[in-house]
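Below: one structure, written as structure tokens.
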Amino acid sequence: KKPKRTKEEIEEARQLKIKKMEEEEQSRWRWWEEEKYEDGVKWRFLEHSGPYFPPEYQPLPDHVNFYYDGKKVKLSLAAEEVALFFAQMLDHEYTTKKVFRENFFQDWRKEMTDEERSLIQELDKCDFGEIHAMHKAKVEARKNMSKEEKLVCNIQFRKVLKEANQKILDEYGYCLLDHHRERIGNFKIEPPGLFRGRGEHPKQGKLKKRIQPEDVIINCSKESRIPVPPAGHRWKEVRHDNTVTWLASWTENIQGSIKYIMLNANSKLKGEKDWEKYEVARKLKSCVDNIRNQYLMDLKSREMCTRQRAVALYFIDKVGVTVVILKLALRAGNEKEEGETADTVGCCSLRVEHITLHDTLDASECVVEFDFLGKDSIRYYNKVPVIKKVFKNLKLFMEDKQPGDELFDRLNTSLLNKHLSSLMPGLTAKVFRTYNASITLQQQLKELTNVIILFFFPCRLPESDSVAEKLLSYNRANRAVAILCNHQRAPPKTFDQSMANLQSKIEARKEQLVLAKSELKQAKKEAKAKGSADAKLQALVVRKKMAVKRCEEQLLKLEVQATDREENKQIALGTSKLNYLDPRISVAWCKKMEVPVDKIYNKSQRDKFAWAIDMTEVGFEF
DNA sequence: ACTGAGACTTGGAAAAATGTTT
DNA sequence: AAACATTTTTCCAAGTCTCAGT
């Protein structure tokens with residue numbers, strides 16, 4: 001009786017979902033069909049509720065204590081809050097790092113009362129054990145919520161929690177922009193905590209302070225309902241600037257940089273800009289040959305800075321396409337303030353120590369070996385053969401320099417970009433990344449899907465049963481781009497396990513296939529023996545045939561999945577998919593290959609790329 | 001020409017949600 | 001429904017690039 005009802009419920013829920021999606025599609029703002037606003041104007045009307053502030057600090061219960069040098073110490077509220085930040089992270093490697101500990105301790109002491117400060121002199125004598133244990137218990141309790149009590153009250157509790165979150169989302173998660181309700185990307189003010197930079201960040205462990213309404217600037221229409229600050233507070237400022245896209249901003253205390261509250265990726269403001277970005281990249285396609293010829297000429301320039309610019313461009317653009325894709329696609333590499341951030345570089349900020357020149361290496365001539373930390377302290381390691389002129393120039397640039405000296409001492413991103421924008425309006429260094437990523441996807445899709453059709457299924461039309469292979473090709477093309485852009489990830493912790501699981505699934509499927517095949521044989525034999533008149537047995541044969549076919553399909557699907565996962569071990573596809581690949585290439589491919597778009601893009605990705613999904617024809621060429 | 005503030009895109013990790021198996 | 005695996009969303013740091021002021 002019970003499962004029947006749930007089945008119906010599931011069906012009902014599905015119907016509701018479909019209906020909701022249709023409604024959503026109906027109400028979607030098709031901004032791409034509208035006329036663009038005059039230059040610089042981002043909106044005409046903007047109304048929102050202001051940011052959502054994190055909850056106030058809740059003091060520790062009496063039985064949870066902090067100890068200094070073995071003695072129980074009751075901390076002031078401010079000091080206790082910061083102590084909790086540290087205690088919460090105790091399981092993390094950060095808290096063992098010297099820089100982290102020193103920064104934390106220094107900032108913590110600033111929050112202490114004079115009395116506390118004179119008592120608490122050494123971090124090593126601090127015992128956060130009880131606070132840490134409490135925090136862990138809390139996390140555990142949240143995780144086990146469904147485990148411990150099977151009772152309704154728990155489910156209700158969760159429902160209440162969910163509803164509360166929904167209410168916050170409804171209230172603060174949306175804004176009204178030119179008569180359309182748009183989702184806000186990050187409507188919550190970042191809660192206080194300890195700063196965790198990436199890589200060897202000199203400021204790791206410092207206290208990220210709590211943001212007050214008095215720190216926040218609100219941006220909205222003059223004639224809109226002005227957001228009300230939390231009781232007893234006021235905004236730093238309310239302004240009405242329709243040349244910017246942010247709704248609220250504040251200055252963060254670690255780097256002194258400004259943080260913004262902006263719209264979701266599926267909004268008009270973000271979408272239009274994204275579209276524009278790909279249009280600029282397509283424009284580059286039409287003049288990239290000229291630009292390449294130009295910088296190849298510039299390699300021989302009498303001016304040193306022109307030569308450096310040419311070599312840098314060569315690094316940013318490409319190194320050449322051989323059997324394997326060999327492109328560089330370095331980032332621009334702005335200069336950074338020393339000691340303020342982790343030591344990372346991009347093209348223009350490369351130092352002599354980051355490259356090694358090899359006259360010959362592995363049967364190739366003029367090989368440049370790159371080894372440096374790029375954005376987010378991700379290592380970039382690559383050995384690339386370059387043309388002779390580039391190689392000679394590099395030797396020249398490195399003459400009489402120390403490892404720590406700049407490779408391009410006459411060049412910076414501003415000079416480079418100024419030159420680029422003179423070659424084509426809107427052209428900057430990063431456009432090359434977008435262009436090379438998108439054009440590579442298009443080429444790879446062409447090549448890889450041809451391989452499938454021509455070699456593996458020469459007599460099979462692209463049917464639904466080969467969707468899995470098509471998707472593998474797509475992912476491989478996507479992967480080629482991710483490798484090009486050096487989008488790496490740490491292998492998932494469960495990688496080996498999940499790979500083994502998949503393998504055993506494959507084994508099981510193989511056995512099942514053998515069984516199904518022998519059953520089919522048996523059925524055929526019996527049918528033959530009884531003669532073709534026996535309809536029942538004929539039907540059985542057909543059924544068994546189907547079973548074998550289904551089994552084969554499923555096996556293939558699993559094997560494809562295994563290949564895909566293995567190849568993806570250390571590669572992150574998300575960033576390129578979301579930021580570098582013109583979605584119209586993917587949509588056109590889906591149409592051509594008869595693959596549903598939702599196999600490529602999930603819900604939020606489809607929302608983000610709604611403009612592309614709507615406007616792209618099969619024949620789209622990047 | 002140089003500098004710093006400002007605005008906006010890009011990035012991987014971690015948390016949360018969802019799906020699948022036991 | 002627990003346990004586990006996988007996908008999606010959230011988080012917020014770290015880049016790029018423009019522009020105003022000197």
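Below, read A as the first sequence line, B as the second, and so on, with proteins coming before strands; counting in each chain starts at 1.
Side-chain proximity of Ile378(A) to dC17(C), dT9(B), dG12(B): nearest is dG12(B). Side-chain proximity of Arg198(A) to the nucleotides dG6(B), dG12(B), dA14(B) is greatest for dG12(B). If you check dC17(C), dT6(C), dC8(B) against the side chain of Ala332(A), the one that comes closest is dC17(C). Distance from the side chain of Arg331(A) is smallest for dT16(C) among the nucleotides dC8(B), dA13(B), dT16(C). Nearest to the side-chain atoms of Lys270(A) among the listed nucleotides dT9(B), dC8(B), dC11(C) stands dT9(B). Among dC8(B), dG11(B), dA13(C), the nucleotide with an atom closest to any side-chain atom of Phe195(A) is dA13(C). Across dG11(B), dC8(B), dC11(C), the shortest atom-to-atom separation from the side chain of Thr245(A) is found for dC8(B). Side-chain proximity of Lys505(A) to dT21(B), dT18(C), dT9(B): nearest is dT21(B).
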Collect all protein-nucleotide pairs involving nucleotides 20-22 of chain C in which both atoms are nitrogen or oxygen and the distance is under 3.5 Å.
none

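One interatomic measurement links the two molecules: CG of Asp376(A) to P of dG11(B), which rounds to 8 Å at whole-angstrom precision.
On a pure distance criterion of 3.5 Å, a polar donor-acceptor pair joins the side chain of Lys375(A) and the base of dT10(B).
Here Asn417(A) lies in heavy-atom contact (under 4.0 Å) with sugar-phosphate atoms only. Residue Lys42(A) is classed as a sugar-phosphate contact, given heavy-atom separations below 4.0 Å to backbone atoms only. Counting any heavy atom pair closer than 4.0 Å across all strands shown, Lys208(A) reaches sugar-phosphate atoms only and no base atom. Ser249(A) comes within 4.0 angstrom of nothing in the nucleic acid, heavy atoms only.
For the contact set between residues 494-504 of chain A and DNA chain C, defined by any heavy atom under 4.0 Å, the members are Gln497(A), Ser498(A), Asn501(A).
Nearer to the 5' terminus of DNA chain B, by closest-nucleotide assignment, is the contact made by Leu415(A) (compared with the other of Arg489(A) and Leu415(A)). Taking for each of Lys430(A) and Asn602(A) the nucleotide of DNA chain C with the nearest heavy atom, the 5'-most of the two is the partner of Asn602(A). When the nearest nucleotides of DNA chain B are assigned to Ala572(A) and Glu335(A) by heavy-atom distance, the more 5′-ward of the two goes with Glu335(A).
Because its NZ or CZ atom is not both nearer than 6.0 Å to the ring centre of Trp250(A) and within 45° of the ring axis, Lys209(A) does not count as a cation-pi partner of that residue.
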